[in-house]
Each structure stands twice: as C-alpha cells, then as structure tokens.
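Labels below follow one simple rule: chain letters A, B, ... track the order of the sequence lines, proteins then strands, and each chain is numbered from 1.
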Amino acid sequence: MNEQEALFEYLLRLGDNALILGHRLSEWCGHAPALEEDLALANVALDLIGQTQLWLNLAGTVEGKGRDADKLAYLRDTREFRNVLLVEQPNGDFAVTMVRQLYFDAWHYLLLQGLTTSRDGRIAEIAAKALKEVTYHLERSREWVIRLGDGTEESHRRMQTALDDLWMYTGELFEPDEVDRAMVGAGIGPDVSTLHEPWLGLMRATAEEATLTLPQPGWTQRGGKKGIHSEHLGYILADLQFLQRAYPNATW
Amino acid sequence: MNEQEALFEYLLRLGDNALILGHRLSEWCGHAPALEEDLALANVALDLIGQTQLWLNLAGTVEGKGRDADKLAYLRDTREFRNVLLVEQPNGDFAVTMVRQLYFDAWHYLLLQGLTTSRDGRIAEIAAKALKEVTYHLERSREWVIRLGDGTEESHRRMQTALDDLWMYTGELFEPDEVDRAMVGAGIGPDVSTLHEPWLGLMRATAEEATLTLPQPGWTQRGGKKGIHSEHLGYILADLQFLQRAYPNATW
Amino acid sequence: MSPEERAFQDRIDADIKIEPKEWMPEAYRKTLIRQISQHAHSEIIGMQPEGNWITRAPTLERKAILLAKVQDEAGHGLYLYCAAETLGVSRDELMEQLNSGKAKYSSIFNYPTLTWADIGAIGWLVDGAAIMNQVPLQRCSYGPYSRAMIRICKEESFHQRQGYDIMMKLARGTPEQKQMAQDALNRWWWPSLMMFGPSDANSVHSAQSMKWKIKINSNDELRQKFVDQTVPQAEYLGLTVPDPDLKWNAERGHYDFGEIDWEEFYQVIGGNGPCNRQRLRTRVKAYEEGRWVRDAAEAYAAKKAARTQAKAA
Amino acid sequence: MSPEERAFQDRIDADIKIEPKEWMPEAYRKTLIRQISQHAHSEIIGMQPEGNWITRAPTLERKAILLAKVQDEAGHGLYLYCAAETLGVSRDELMEQLNSGKAKYSSIFNYPTLTWADIGAIGWLVDGAAIMNQVPLQRCSYGPYSRAMIRICKEESFHQRQGYDIMMKLARGTPEQKQMAQDALNRWWWPSLMMFGPSDANSVHSAQSMKWKIKINSNDELRQKFVDQTVPQAEYLGLTVPDPDLKWNAERGHYDFGEIDWEEFYQVIGGNGPCNRQRLRTRVKAYEEGRWVRDAAEAYAAKKAARTQAKAA
C-alpha cells in the first residue's frame, strides 16, 4: 500500500464512521424521548452527515477515479466500508444510543484534535471544523450519561448495561494498523494508541460523576476498519442505498 | 386495458401476494416459539415462494417482454407491486402472524378453488397444485387460531387484539375492480365478491371455536391491488432486492 | 357583551395583540388552545411520513436537507406547545390528548409516503398549503401565537422551495423519475386541497374565530388562493394536476376546480385514513418508551438542585 | 470393570447398538447427552448465520433452497433433541442449558455472514466439515444417535453440494462475484478447520469416547481428511486457500497445512467470537417471546383432553 492508498483508506474510515453513526442517529428522528431530543439527535446526525461529505469528497479526490462522496456512500458494499464496529451497533434504547455516542464522541474529539495539526492542510481544515461540532457532541453525550447514570434506579441500571455491552467495541478505536501507522509516519494523523489514556481518563471521570462503573479491560471486537463488519451493516446499506441502486442513471 | 394486460395484472397480484407473505413468514426463520413452528412456518413460506415462481413466470410469459419471475420479483419498485395490504403487514407477535395467515389462507383457499376451473389451463393447473398446499396452510392456521384463542388468558387477549387489528385489511380481498371483472368476464377467475360469504362462514366458525369475537364490518383499507401500499413494503423490497440491484449484471 | 368583553374586542379590532397575562374570554382561550395544539400536533405527527425517507434519501445532500426539515418540524412543535402553554395548559396534558386520540392533527399526515417523490410533493403541496394557512396567522390577535407563526412561516417557505426543487429534479429526470413525480402529484393533490378544511358553508366556529382574529381568511378563500398559486407551478414542472374540471376562469380571475371528495375527508379525519393507526401508535410508543428518560432527567435535576441547596446552606 | 460394564463393552466391541432402555454406564450416558445436545444446539444456533440471508437471497430459487436448508437444520435439531431425550433429559432442560450459556455449540456459528458468498462457503466448508465428523458417527454405538446421524448425513451432503454450487456460480461470475467468493473462502477456511476440535495431543475425553464408539476418528485424522478433500475443490473453483504453508506431500499422500491459531479458537469458544453474544441473545429472545405460545398450546391441549374425558364419562 503506498501513501496515497493509505490516505484513501484513512479518509474512508473518517467518512464512514460519520456516515454510519449519522444514519443510526437519524433513525431516532420522530421517536426520541422528548421533542428537545428529536432536535438534538438530528443536530448531531446533521453534523455527521456534513462531515461525511467533506471526508468522502476528499477521499474521492485522493483516489482520483472520479468518485465523489455520494458515489462512495451509495455504491460500495459492506466489505468496502471502513467504519468501526461501534457506530453500526443498533440504537437499542436511549441508554445504548447515548453510551455509544459518549464512547465515540470522546475518541472522535481526541482524534480530530490530533488531526487539526495534520501536515495535510485539507485534513487539518476539515478537522478544525468538525472539532467544533464534536466538542458539543461530547459535552452533550457526557451530560446525558451523567444525568441518566445518576437519575433513577431504572435509568442507572440501563446505563450500566449499555456501558458494559458496548465496551468490547471500544478497543478497536485505539489499535493502530498499517494504515494508521502510515498516516503517523507521514505526519497526517495522530497515533491512535496515544489517545487511549486521555480517553480512559474522560471515561473514568464521566462514569464517576454518573455513579456508574467503568468496565474492566477485556476482549476487543475488531474488524470494521478492515471491512469485516457485524451483520447489522448489510441492512443499513440496503436502506441507505436503495434509490441509487434501483435507479442507477438518475440524478436527484 | 385489454384482456392480456388485465391478465398480466391479475397474475402479478397472485404472485406478489405469495412473494410478500412468503417473505414475511421467512422472517420468522430461527425466531419461532418452538422448533416445530420454525419448520412449519418455513414450510408455508416455501410453498408460497414456489407459487410465486409459477405465477410470476406465467405473468412474464403473458407480458411477453422477456421478464421472468426473478426479474419481476427483484426489479420492480413498490408502486408496481400488486399484493394486498394484508400480506405486507409486519409479523408482530405470533398471534398477529397467525391471524394474518388465517385471514389470507381462507381467502386464498376459496380463490384457488375458483381458479381450478379457470378457462386458462395454465392457471387451472397452477391453482390445483397450490390448492393442495393451501389446504394444509388453512388447516394449520385454523388450528393455531383455535388453540391460542382458547388457550390461556394472555393468548386469548393477544389473539383478540390481532383479530381486531388486521380486520380492516380483509375487505380489499373481496372488492372486485376492473381487472377482476375482466377476469370474470373471460372465464379466467371467480368473482371475488362471491367469496365473501363462505369466507365469513369459515371465520365465524373458527372464531366461535376459538372463543374469540369476530370484528364487526367496518372501514376497509385498500390500495394494494393498485400498487398503493403501506410504508412497510419499501423496506421489504430494500432487503429483498439488494443483491440484484447492487450487482445488476450478475447471475447467481 | 360584558364591559370586559367589549374592551377585549376593541383591542382586537384596533390590532393590539393580546398577551398571556391579560384578561380574555374563556371561549377565546379554549379555541386558541385547540387551534394551536392541533397545529403543534400536526408538526409532530408530520415528522413521521417524511422521517420515513431519511434513511433512504438518495444523496447525502438530500438526506441532510430532509433531516433538517424534519428537525424544523420538531422545532415548530416546540414553539407551538410553548405558545399553548402561555394559555395555561401543559405540554404533557396536550401530549396525553394527542396520544389518547382525543386531539386532532392535520389529516394529510395519515397518508403514506410511498416513494421519494412524495417527499417532494409534501414540501411543495403540503407545506405550500400550510403556508397559505399560516401567513395570515402571523397577524393573529394572540401575541405568542402570532410570533410563533412569524418564525414558522420563514422556515416553511424554505421547505416549500426545497420540495419544489425535488419535484423539479424528478420532472426533468429519467422517465421513471418523471412518472414518480406525476404519481406523487396525483396522490397528494386532493388531500392538499382538503387541508384547508370543510367548505365555508359547512365550517363551524368560523365567524367567531374571524371576529377574534384567530382565523383571518375563510377556508374556501385560502383553498382558491392555493389552487391559483399551485397550478402554474405544476405546469412549469410539466406535470398534470389530477382534476379534469380544472380550468382557468377568466371572468373570475381564478381557476375553477372539481368537487372535493368530502366523504374521504371525513373518513380520514374520523380515523380511517391509511395511516391513522400507525401514526398514533408510533407516537405513543415513542412517548411511552421515553418515559424512563424523562423521569430520570427530572430525578437528576431534583438531586442536583438539592445538592446545590445543601451546599448553599 | 464390573460385570455389567464388561458386558456393555463387549456389546459395543461386537458392534451391537445400545438402545435406550438398556443398562449403560453413567459416564457413557452423560458424555452422550453432552455430545448429542451440543450437536443439536449447533443446528439451532446455525440457523442464524444462514437465516440472515433468507430475506436477501439473490433469486427466488436460491431463496427457496436456503430456506429449505435452514428448515432442515431445525429438523436436525429436533431429531437430535429426541435422541438426547431417550437418555433421560428433556428438551426444555437442554434449551435452558443453551440459553443460560452453560451448554456449548459449534463455534463456527459465532462468525458473521457478511456477503452472499458466505452462504456458499458455509454450505461447502462448514457442512463439508460437519459431514466429515458425522459420517463415521452413523456407526456409533448408541442406536438413536446412530439413526439420527444416518438421516442427517443424507441431507447434509445435499446441503454441501448446494453450497458448492453457489461458490461455483460466484467463481465463474463477474469479477466482483469472484472476489466475493475468494473473500468468503479466506474468512471461513480456518474456522472450518477448527471445527474438528483441538489437535489430538490436546483433546480430552477422546480415548474413552473412542472405546465407547461414540467418537470414531481422532480430530486430526478428520481434519486431514477434510483438507485433502477440500483443497482440490478450491482449485477447481479457481480459488486460493488462504494458507501459505499448504502443499501436497507426496510422501505422506496428504496435504501439509499451516498451524491453526488456537488462541482464536479458545477465544471464540470462550465467548469472545464476533457474534457469540448476538447468537445467544437472539435465541433467548425467541425462546422467551415464544413462551406464551407454548403455554397456551399446553393449556389448550389440557382443556381438550379434559373435555374428551368429560364426554367419555
């Protein structure tokens, strides 16, 4: 894999994470626990869709085969998707959605922070824009985790279950592979393994305030970054891509 | 609409009913209340998929544009589907699935009986084969409705709810439109309005034995036969058609 | 009329806004609550038919626009519930009325969205009709309602343009897309005309509401205005309005149009539309499943307040 | 050895089948229950990865074949639970063991089916490996188990051919399809080899089981046989087995192959496969949600029996 290919892969990961998590959040639209949350979840989803466009358009440019963000989002099959497993997990209840969001937001925040100093100016620029948005995402998911962890007995129980259930999908976020290493080498992206400690610090502080118990390190589910997903992703794509697949020559 | 066009429409209805109900039943596979039901539900689904192939292949022949059953099943969008609304309703719990099945099976049985004397030999032949299968389907769904209606308090309550909930989708089955009338005129199919009384008789007898109350005649949901469906069908097709849409030039 | 009522009517006649703490006739308050909450409920239920296509929108941009639009509807619902709350009813009470089926919402949302073109048609026709209803209400007599309407109308006209833009793309697209657009127009045209309510001859409450300036134009006036505005837009798209009786009446300076199927209208209002049950059940399910979250948020807020107080003491 | 045990072993040595009502050592019974129920559980859990593609099968024929296959698996589960029941354990007890996570099932089903080619690969490789295990068990010492195996093997070999046929279509299809097939082989190859269990050196219970003829061949023997059979099939498909150490050893008359990642094997068995949790939760959910149905069926049967009795009296 040369640097350009690695960069393409890297950008797909950034874009696909935003796309798939945005998709999941948009499934809440009209079904949230309160109107304010319909608004807030849609806001986060919108930010993520916007980031998807930026990352995938850049990926298409880097690839140089004439694919834009829409082509990349709508015309790849599951094995070509590069999002981490965490973001494709089903919404579950509001507790699962919020814990998934906290786990992701905190990592996303730290990653984007690293990317703002990327040697690739295009990436630094997108990261700076996204970082502003994700700062709010993280603030919000932290608040909800605390509120629900320290809310009622039921909410506490649901939050602890969600925390435990999703934990095994967090390891993948901090495991560098050859793509990540190539990006570190090229001064393009941060070493994700160095994000683990600050992330854990954030998680510990949040869990404590939420009166929740952070799970112990354990088995890690991995594969998303290499295109080996859970069985959920295929169904996401069947919906997401239906129109583009069914009407291949149309513009919308 | 000339007779050939009407016949094409008519065959699509027969095929699409079987296809979509078969799809819904196949969703149960691996999730049934007991292994015996996994087997039995799959059996019914298999019969229906087989019938789909027969009806849609004949539809393709009648249309004469080179479309076979697969092309018709996999490459039409929702507005071109002709199944009744009843069969696309979500599985719900086992009570909903069984009531949906009873309502459909009884009508299906009566319709196929009428079709065995069709002037169109191809149709009579398929109907005779399907009738044998559907005779068992009906026997089985009747048994389950009786068993669950007269089972426990909970099962009784669930069955009554299902009976009431799905009732409004049954009217469409007995409302002839221009296609039906053309088929009656050509001696191809029975007058569906004449099936209503025998169907009601079967339903009354079953409900009585099941200690359930048959709903009163009321508002009818209609549209499926003309391609105006519920919002559920689009999601069914997104899954059903994914591979054919995503890999348009492949054979499988 | 009592002196209070007289003074109240005088203010209205002088185009002075009524504000929450001022005296108002009980019937005015009740009528307004009904009208505003119905409008709020319509925004909330209206999220469903459009929400149905968010995960399946055909491009990322269309997805973002649609999501933002449905989000705006949640926002409109919020403004309107707040406006209703100034009249002494809580959002929870109103939600309970909606969930129990007691309260009404706009019947148009009981139709299913079957294709992507329906998203265009809803923006163009349904939001178009809504704006036609709402623009005059910016001048209505009740201050909070009037101000909510001003905010809402601005966003709605944006939505209508986006809907028309979807239709345009389809109408100028492939033959299948054009057909999709025509089909959507066929299905949404008559329900859109029904959005203006019964014809004036059969419209109850209208006279009093107009005197109170919480209804500014008659149903038939607005419907005519909508037809006059929309028909040329359809022509521009190259689509055919599904009404054989539609034709320009030079004498009246308006389009004549066919008879509305009021039987369908009353059936759908009465609960027998294609999606009434689905819409309500979805809403109730979201509400019930969200209860533990709302309860927890409340419990947390109470704990936090207690802690702050304990610290202060 | 007691006289009973001696007589028992003599019968086995003479290839006489043991039948349910005959005396047998408690350890024989227990080992058989564990083995048969693990096999039954594997059939039941195995419905999930393949069931995942029923609604998305690419043609009506493929859909019917796949559905029938998954149905067969339910049937195999039934035969096997029945065989286990002859040893004095109920299906409900066994299900509870499965649901509680106490009982094991074949680890291979803890991998996800990601593409349609996985359905081909499962038929070809997973059923191929299963048959390799099961064919000798047709001759096992316990009558009901032996007879269940005879029925099952007939159907399994049918499944294997269907799986190979899917692979063939893909391998001879478009470049994307061929890539799909290769990718599936890459992901399922090693887990299939692991299906034969730990290498003989690390295999517990084996000696006693072989003496009892409820295990006929050693794990490594069967694994070698599977590799020898499968490699030429892969070559015929034009696909590459993902093992750089794989090569024909003329001296041994067998293929040599690379080291299995036993760490992965023990992780997946231990609950840490990609889908362990999902598979078990799905099963438990189906079981729990089906409880009212089973209860009602039982209640109805009891009522009916009571009525018949009342009539008779």
Relative to chain C, which segment of [X] carries a heavy atom at a distance below 4.5 Å: side chain, backbone, both, or neither?
{"X": "A:A73", "answer": "side chain"}
{"X": "A:N249", "answer": "backbone"}
{"X": "A:A238", "answer": "neither"}
{"X": "A:F94", "answer": "both"}
{"X": "A:L41", "answer": "neither"}
{"X": "A:W28", "answer": "neither"}

Check: Can you find a heavy atom in the side chain of C:K169 that is under 4.5 Å from one in the side chain of A:W252?
Finding: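 When only atoms from C-beta onward are counted, A:W252 and C:K169 do not touch, as no gap falls below 4.5 Å.
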Check: Would you say C:T55 and A:I236 make side-chain contact, with heavy atoms under 4.5 Å?
Finding: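 Side-chain contact under 4.5 Å: no.
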Which atom names give the shortest non-hydrogen contact between [X] and [Y], and what distance separates them?
{"X": "A:D70", "Y": "C:L60", "answer": "OD1-N, 2.9 Å"}
{"X": "A:D150", "Y": "C:Y300", "answer": "O-CD1, 3.6 Å"}
{"X": "C:L67", "Y": "A:C29", "answer": "CD1-SG, 4.1 Å"}
{"X": "A:Y74", "Y": "C:A57", "answer": "OH-O, 2.8 Å"}
{"X": "C:R294", "Y": "A:P33", "answer": "NH1-O, 2.8 Å"}
{"X": "C:Q177", "Y": "A:T251", "answer": "NE2-O, 2.9 Å"}

For the [atom1] atom on [X], are there more than 12 heavy atoms of other groups (residues, nucleotides or ligands in this structure) within a distance under 6.0 Å?
{"X": "C:E288", "atom1": "CD", "result": "yes"}
{"X": "A:E125", "atom1": "CD", "result": "no"}
{"X": "A:K132", "atom1": "NZ", "result": "no"}
{"X": "A:E36", "atom1": "CD", "result": "yes"}
{"X": "C:E61", "atom1": "CD", "result": "no"}
{"X": "C:Q179", "atom1": "CD", "result": "no"}

Check: If you count heavy-atom pairs under 4.5 Å with chain C, which of A:E154, A:M98, A:E37 comes out on top?
Finding: A:E154
Check: Taking A:T152, A:D38, A:L39 one by one, which has the highest count of heavy-atom pairs under 4.5 Å against chain C?
Finding: A:L39
Is [X] close to chain A through its backbone or its side chain, or both, or neither, when contacts mean heavy atoms under 4.5 Å?
{"X": "C:R291", "value": "neither"}
{"X": "C:I45", "value": "neither"}
{"X": "C:M180", "value": "side chain"}

Can you measure from [atom1] ([X]) to [atom2] ([Y]) and round to the nearest 0.5 angstrom?
{"X": "A:S155", "Y": "C:D295", "atom1": "OG", "atom2": "CG", "value": "9.0 Å"}
{"X": "C:W292", "Y": "A:E153", "atom1": "CH2", "atom2": "CD", "value": "14.0 Å"}
{"X": "A:H23", "Y": "C:I54", "atom1": "NE2", "atom2": "CD1", "value": "10.5 Å"}
{"X": "A:I49", "Y": "C:R62", "atom1": "CD1", "atom2": "CZ", "value": "14.0 Å"}
{"X": "A:H31", "Y": "C:E289", "atom1": "NE2", "atom2": "CD", "value": "10.0 Å"}

Note to self: Under the criterion side chain to side chain contact (heavy atoms under 4.5 Å, CB included), I'd like the reasoning laid out for A:L240 against C:R56: C-alpha separation, chi angles, the key distance, then a yes or no.
What the structure shows: CA-CA 5 Å; A:L240 174 70; C:R56 293 180 291 171; over 6 Å; no
Next item on the list: With a 4.5 Å cut-off on heavy-atom pairs, point out which of C:G173, C:G120, C:A68 contacts chain A the most.
Entry: C:A68
Check: Looking at C:V70, C:D72, C:L78, which has the largest count of heavy-atom pairs under 4.5 Å with chain A?
Finding: C:L78
Note to self: Would A:L243 and C:W53 count as a side chain to side chain contact (heavy atoms under 4.5 Å, CB included) here? Give the steps.
What the structure shows: CA-CA 11 Å; A:L243 282 172; C:W53 282 89; 4.0 Å; yes
Note to self: Evaluate C:R91 against A:L35 for side chain to side chain contact (heavy atoms under 4.5 Å, CB included), listing each step before the verdict.
What the structure shows: CA-CA 11 Å; C:R91 202 209 297 185; A:L35 273 179; 3.8 Å; yes
Notebook entry, point to check: Do C:Q71 and A:N43 get their side chains close enough for a donor-acceptor pair, meaning under 3.5 Å?
Noted result: yes
